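Reckoned from all heavy atoms, side chains included, excluding hydrogens, waters and symmetry mates. Numbers here are sequence positions counted from 1. Fair warning: this is a prediction, and the values are worked out from it, not measured in the lab.
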Amino acid sequence: MSGRLVTRSRFRKSAPWAGLVLLWLIVSVAVGLLGFANDSERVTIGAHAANVSPTFDGHATLDLGAVLPRFRLQTDMPAGLGVNIDIQETDAGNLTELLNRDALIASQPDGEIARIRQVVQEMAVDNAVAGAGSGLLVAVVVATTWAMVGPRRRRELWVALHHSERRVQHRAIVVLVAMLITIASIFGPGRMRTPEVPPTDWQPLSKLLPELSFDERLKSVEVAAGFSTTGGVGVIRTAVETYERSTDFYGQLRDRVSRVGGRIRQAGEGETVALMVSDRHDNIGMDPFAAEVAKVAGAKVLIDAGDDSSSGQAWEVFSINSLAQHFKDLKVVAVAGNHDAGGHIEDAMRKNKFTVLDGKPVEVEGIRFLGDSDPTRTGLGSADTPGDETTAEQSKRLAEVACEQPEDERISTFLVHDPASFQDTANRGCASLLLSGHLHRQVGPETKIMDSKAVTTFTNGTTGGAAYAFALGYTLRRPGEVTLITYLKGQPIGLQTVTAELTGEVKVGTYKPLAT
């Protein structure tokens, strides 16, 4: 008998706490889901500003406005989670230019897909935290009220309620109706009405353009039915053809890397290989090719010498998103070029956890780096604009830092965008390997022995195949080059270039040992 009394006593003590936990859980989930379902985020996707909002239809839907149809494709996100992307303003000069640009970005969508997935995850986390906070607040209010009323008053209320059951039932009905009205007001009267427009009828993109062939990715794209204007279909046909030409050319480049893989020197025991890129100028088509070279060589580090964009604008962040996604398993050391100025590109680098050099020595994978982003600002087709310092001033400043390092902490790799920025350090012999881009052509490697130490300078050609400052396109304007750098105990011991030719062939350069 006493055992039953103890059990009942424990139950009575624990019941309020269990109720509070249950209340917290219900409120947290309800508020979190409601907030998430109605949330949206303004982001830059590809060449556009866009509003991204979550859905639960298992599709990614692109709303391109009144002129073009809506497109959608299935997502692989859990619980049928989807996303609606409301495409908005862009800086493109005309519709054809815009669609071609979009098609080229869509040919290598991994970076933008990862960005959208990140945005949705951030919204989910933010709303989960908000829901948990709301649930905690409600639980605290209820617990405080419970404690303030006290056990005696609660018993009196319980007895009073039992003596007026009919009144209680009426009050319960009133409370329930009030809750339903509150929920309806939250979702809005418009959500409660039957829509006047019939649901969208989706059909495969291939039905809109039956004369074209489609790869596996495009086969999964659906278009809103009813879109059949001649001009609009013509624009979409051009964009699809641009997409296909881009995926074919760059896909063949990537596949050919494996055919010449036997000529690419792979990392030996105790060695670390880095892949160097520079002057990509938005050409994300080259990223799978460069990533395949890195994979074959066993690279652990990506060295980015800048000019990933053409004008440093916010919409060009897609170039960094692509680089981050294709090299997500490598540590990235980077500087921004003169065409990356403005802050957007460097901010994107840091958000993607690149090590962005800023004039201070840093060690990555046992390699001691020093460098800085280019001080000059150059737009697409515009003249240079001076920054806080000239390249000559930057060269002197960085040389002072490099030359004051103790012998056992000598700079292994000096990285800048413009070779003019490494001249003072090279002349004073204060770094083992000095790297740059900017010239869109290879210079070096050139090695000098200074105070019994080897000093090598090397300028990488344009990875994006850029003739000028723009390289986004379905083919290369000039050969695209990446360079493999081999390190032993943190010191450079060899270089090897791999070049994508205009013909689509892949040329593997001779491995060049470096004096140490």
Side-chain angles (χ1 to χ4, degrees), residues 257 260-278 290-305 327 329-335 354-355 357 360-371 398-399 401-416 419 422 425-426 428-437 442-461 463 481-499 508-516:
V257 172
V260 300
R263 289 179 251 164
I264 295 176
R265 187 183 185 278
Q266 299 182 15
E269 185 176 353
E271 294 178 345
T272 300
V273 173
L275 179 81
M276 181 182 180
V277 299
S278 68
E292 189 66 19
V293 173
K295 180 180 177 181
V296 170
K300 293 183 178 180
V301 179
L302 176 70
I303 299 175
D304 179 9
F327 294 92
D329 296 326
L330 276 65
K331 293 182 179 178
V332 183
V333 179
V335 295
F354 293 6
T355 298
L357 301 181
K360 303 180 187 67
V362 62
E363 188 170 303
V364 177
E365 287 291 324
I367 305 166
R368 193 162 173 79
F369 288 92
L370 175 66
L398 293 176
V401 177
C403 295
E404 70 182 11
Q405 301 302 306
E407 185 58 36
D408 59 347
E409 294 183 359
R410 176 179 169 81
I411 299 301
S412 166
T413 301
F414 188 101
L415 177 65
V416 288
F422 66 45
T425 302
R428 295 172 62 178
C430 297
S432 300
L433 177 63
L434 300 100
L435 303 174
S436 68
Q442 180 183 328
V443 178
E446 298 175 354
T447 302
K448 297 179 180 179
I449 304 299
M450 304 178 66
D451 295 329
S452 72
K453 297 182 181 65
V455 178
T456 301
T457 58
F458 177 77
T459 297
N460 191 71
T463 300
E481 180 179 282
V482 298
T483 300
L484 294 164
I485 307 170
T486 304
Y487 294 86
L488 180 63
K489 297 181 179 179
Q491 292 300 313
I493 61 171
L495 299 175
Q496 184 178 34
T497 60
V498 182
T499 306
V508 180
T510 303
Y511 176 79
K512 299 178 181 179
L514 299 179
T516 56

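Every residue meeting the salt bridge (Lys or Arg N to Asp or Glu O under 4.0 Å) condition with Glu409, not counting sequence neighbours, appears here in chain and number order: Arg368. Every side chain to side chain contact (heavy atoms under 4.5 Å, CB included) that Ala305 has, sequence neighbours left out, goes to Met276, Ser278, Leu415. Residues meeting the side chain to side chain contact (heavy atoms under 4.5 Å, CB included) test with Glu446, sequence neighbours left out: Val443, Thr457. Looking at residues two or more places apart in sequence or on another chain, you find a salt bridge (Lys or Arg N to Asp or Glu O under 4.0 Å) between Glu365 and Lys331. Applying the salt bridge (Lys or Arg N to Asp or Glu O under 4.0 Å) criterion to Glu407, with sequence neighbours excluded, gives Lys453. Residues passing the side-chain hydrogen bond (donor to acceptor under 3.5 Å, both in side chains) test with Thr447 are Thr456, sequence neighbours excluded. Partners of Ala267 under the side chain to side chain contact (heavy atoms under 4.5 Å, CB included) rule, at least two apart in sequence or in another chain, are Val273.
Between Leu398 atom CG and Cys430 atom SG the span is 11.5 Å, to the nearest 0.5 Å. Interatomic distance, CG of Leu433 versus OG1 of Thr516, reported as 12.5 Å (0.5 Å rounding). In this structure, OG1 on Thr355 lies 11.5 Å from CD1 on Ile303, to the nearest 0.5 angstrom. In this structure, CD on Gln266 lies 11.0 Å from CD on Glu271, to the nearest 0.5 angstrom.
For the pair Val401 and Phe414, the minimum side-chain heavy-atom distance is 4.5 Å or more. Between Val257 and Ile264, some side-chain heavy-atom pair lies under the 4.5 Å cut-off. Looking only at side-chain heavy atoms (C-beta outward), Leu357 and Val362 come within less than 4.5 Å of each other.
The two residues Ile367 and Ser412 make their nearest non-hydrogen contact at CG2-OG, 3.7 Å. Among all heavy-atom pairs drawn from Ala334 and Phe354, the shortest one is CB-CD2, 4.3 Å. Looking at every heavy atom in both residues, Ile449 comes nearest to Ala515 through CD1-CB, 4.4 Å. Closest approach of Gly437 and Thr459 over heavy atoms only: O-CG2, 3.3 Å. In terms of heavy-atom proximity, Leu330 sits nearest to Ala294 at CD2-CB, 4.3 Å. Looking at every heavy atom in both residues, Gly429 comes nearest to Arg410 through O-NH1, 3.0 Å.
Under a 3.5 Å cut-off, the side chain of Gln442 and the backbone N or O of Gly444 do form a donor-acceptor pair.
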### Query
Can you check side chain to side chain contact (heavy atoms under 4.5 Å, CB included) on Phe369 and Leu435, steps first, answer last?
CA-CA 11 Å; Phe369 288 92; Leu435 303 174; 5.9 Å; no

Using a 3.5 Å cut-off and no angle test, enumerate the donor-acceptor pairs between side-chain atoms of residues 481-496 and protein atoms at least two apart in sequence or in another chain.
residue, atom, partner, partner atom, Å
Glu481, OE2, Gly461, N, 2.8
Thr483, OG1, Asn460, OD1, 2.5
Tyr487, OH, Thr413, OG1, 2.7
Gln491, OE1, Ser432, OG, 2.9
Gln496, OE1, Arg265, N, 2.9
Gln496, NE2, Arg263, O, 2.9
Gln496, NE2, Gly509, O, 3.0

